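What follows is one structure encoded as structure tokens, with my remarks underneath.
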Amino acid sequence: MWSQVKQQLAESTARFLTRFASMVPGLAALVVALLISSVVGCILAAVMRPLLSSMQFDERLARWGFPSVAEWSPKKSPTLLVSRAIAALVVLTGFLIGIASVDAEWTSQLARSVVAYVPNLLGAALVLLVGSVVARFLARSVLIGAVNLNLHYARLLSLGVKWLVVVLAVAMALEHLRIAPGIVELAFGILFGGIVFTLALAVGLGSKDLVTKSLERDTQKASGDKLEEPFRHI
Amino acid sequence: MEVEHIPEQTQEKVEQVDSADLVVGVIAELDQEGLAAVCDALRTLPGTPRVVVLRDERAASPGQSNPEAVEPSASPCHVVGWPLSGSGTPDTPVIGMAAAYQSVFAASEKLGARACCVIVSKLEAATAGWVRELARPLVERDLDLVVPNYARRKFEGLLNSSIISPLMRCLYGKRIHNPMGPDLGISRRLFQKMLATDRTAGAGGNRVHSFASVTPAALCENLQVCEVHLAARIYPATDWMNVSSLLAQILSPIFLDMERNAACWQRMRPSVSVPAIGEPLLISQDAGTVDISRMMESFQLGVRDLQEIWGLVLPPSTLLELRKLARLPSEQFRMPDELWVRIIYDFALAHRLRTINRDHLLKSMTPLYLAWVSSYAHDLETAGRTAMEERLERLSVAYESGKTYLVSRWRWPDRFNP
């Protein structure tokens, strides 16, 4: 009996060592692939940075209507964001190549699921980008319009509109990524409703003065007391 | 031949008229009697030109929507009904006016007219003769552009006084009091140029706003311009809800023209007067106090809430000055001319560079404009005509002195940023 245990142990050790030995070159290849891809990524990033800077990429991006990209970028520089994204892409490619040398079947499965998920990722990124642009545009429109109407809560109104659109965009993006759809739906409902309720309260309370002024103006107009303003602009 | 601006029904009516020497587009509300008086006045022009009056059908009184030739005579004055208001709505009067100008130009071209006039305003002391005064230099002296110089009250036409007139004077070197009319007399040479420019610009999706572009076009082409002294215009009452839209509609074509004519205006030249016809009419100036609290409040709100937008457009030194101004009590509030001029130049540059959405940019200027109006109202509250003229002259000189700043920033927007 003891001899059978010893034999089984020896066989399993041998099997493990054989399998491990067969994986070592693959693991070494993975490390080498990661090292090489990191170096290539760094070189590419180092080349891209001055190239994009010379093209005034940051300013152009803002001029093309994507100033919000700067906000998400490291050190507020889209140039840095793009160069780092390129480096990360190269490292990821190196990682996939390295993994392929360890186990081809595992890699193909991983690649298949990653590729299948790419459209969702792209869709979500697009939704976020458009949401951010729309949020900024609407927030500015509301802010300027409200200031020109002499509304004292202009900034609050603008912020509310911005967050409404951002929350909507984030919820849509998460839905697209199929990340906890039930929770996202619930959270979105609560957040959206909360913002609308806050805005309604703020505007309702804040517009008391406006309504009073408007009524006073109407009363003055009706009684003919209103003085004609001399200012004519055009 | 340019016919795209002529409505189909109207084109038939125009075709009934063989040709004309002078085309007069009347956008202003005018009843049948007024129209007849205008025709009578135009008949007295030297050389008895054949006149076609295009009358805005929408502005006509009920029951007068189908006008015909007023009176056949040796020098007929044909009146043609015409939807001159174009695509404009009450919220976009400027777009409608630009379309009306293009319509008048197109009809004048079709009829082979020597000149055309566009009549938009109602004058306080209106006589039918004032339309003739606008047309006479075109017919008699073969001038290219006749602009009005209305008798003015100190608080009327403020957008013109604060921006349009001094900016045009500084850019193009001619002292014209009302460069955007809106009542203008235009020669064949000039309206043909405007039509051609519109065709070229329209092909690039960037239509020309004729009434804003006509004076810069004439000045850049070195055409002959004169002013005619007219009575005071009746200005529409201020719609405070709409000031920002008006500002955007008026300034947008001016800034677009600056971009188009950059090569022309960057040549430095001191400004000179243009020949004036007639005598200036003196009118009484109000001397009562004015309420500027609403405008001041708008400015203070702007300084508090629009910093993030102004920060993209204005240099830090300007922002600092604005913050200091906003803290001043109302009675001490004065906006220096130099500051105002720099603000206008920086906004023009931001419009060119598309720093932010152009509509946002121009509308965000409203509190600054109202601050200038408040400061101006403080200065002239009890002042008379001479003080007003002096005040506006100082402003114009500030515009001219600041031109080097504009040219530097225009040429090197990134390098030259004080």
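Because the structure is a prediction, the values reported are computed rather than measured. Per chain, numbering begins at 1; letters A, B, ... match sequence-line order. Computed over heavy atoms, backbone and side chain alike; hydrogens, waters and symmetry mates excluded.
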**OP:** Could you give me the CA-CA distance, side-chain angles and deciding distance for B:His360 and A:Phe137, then say whether ring pair (Phe, Tyr, Trp, His ring centres under 6.0 Å) is met?
**Re:** CA-CA 9 Å; B:His360 285 168; A:Phe137 183 86; 4.6 Å; yes
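- Shown here for A:Gly160 and A:Ile195, the closest heavy-atom pair between the two residues is O-CG2, 3.8 Å.
- Contacts between B:Asn160 and chain A at a heavy-atom distance below 4.5 Å involve the backbone alone (N, CA, C, O).
- With a 4.5 Å cut-off on side-chain heavy atoms, A:Phe188 and A:Met172 do not count as touching.
- There is no contact between B:Leu247 and chain A, counting heavy-atom distances below 4.5 Å.
- For chain A, the option among B:Gly157, B:Pro182, B:Ser161 with the highest count of heavy-atom pairs below 4.5 Å is B:Gly157.
- With a 4.5 Å cut-off on non-hydrogen atoms, B:Arg304 touches chain A through its backbone and its side chain both.
- In this structure, A:Lys162 does not pair ionically with B:Glu308, as no charged nitrogen and carboxylate oxygen lie closer than 4.0 Å.
- For chain A, the nearby parts of B:Leu301 are the backbone and the side chain; heavy atoms of each come within less than 4.5 Å.
- With a 4.5 angstrom heavy-atom cutoff, B:Asp291 touches chain A only via backbone atoms.
- In this structure, chain A has a heavy atom under 4.5 Å from the side chain of B:Ile292, while its backbone stays farther away.
- Annotation: cation-pi geometry satisfied between B:Arg233 and B:Tyr235 (NZ/CZ under 6.0 angstrom from ring centroid, within 45° of ring axis).
- Using modelled atom types and a 3.5 Å distance limit, the side chains of A:Asp58 and A:Thr79 yield a donor-acceptor pair.
- Residue B:Met180 does not touch chain A at all, counting heavy-atom pairs closer than 4.5 Å.
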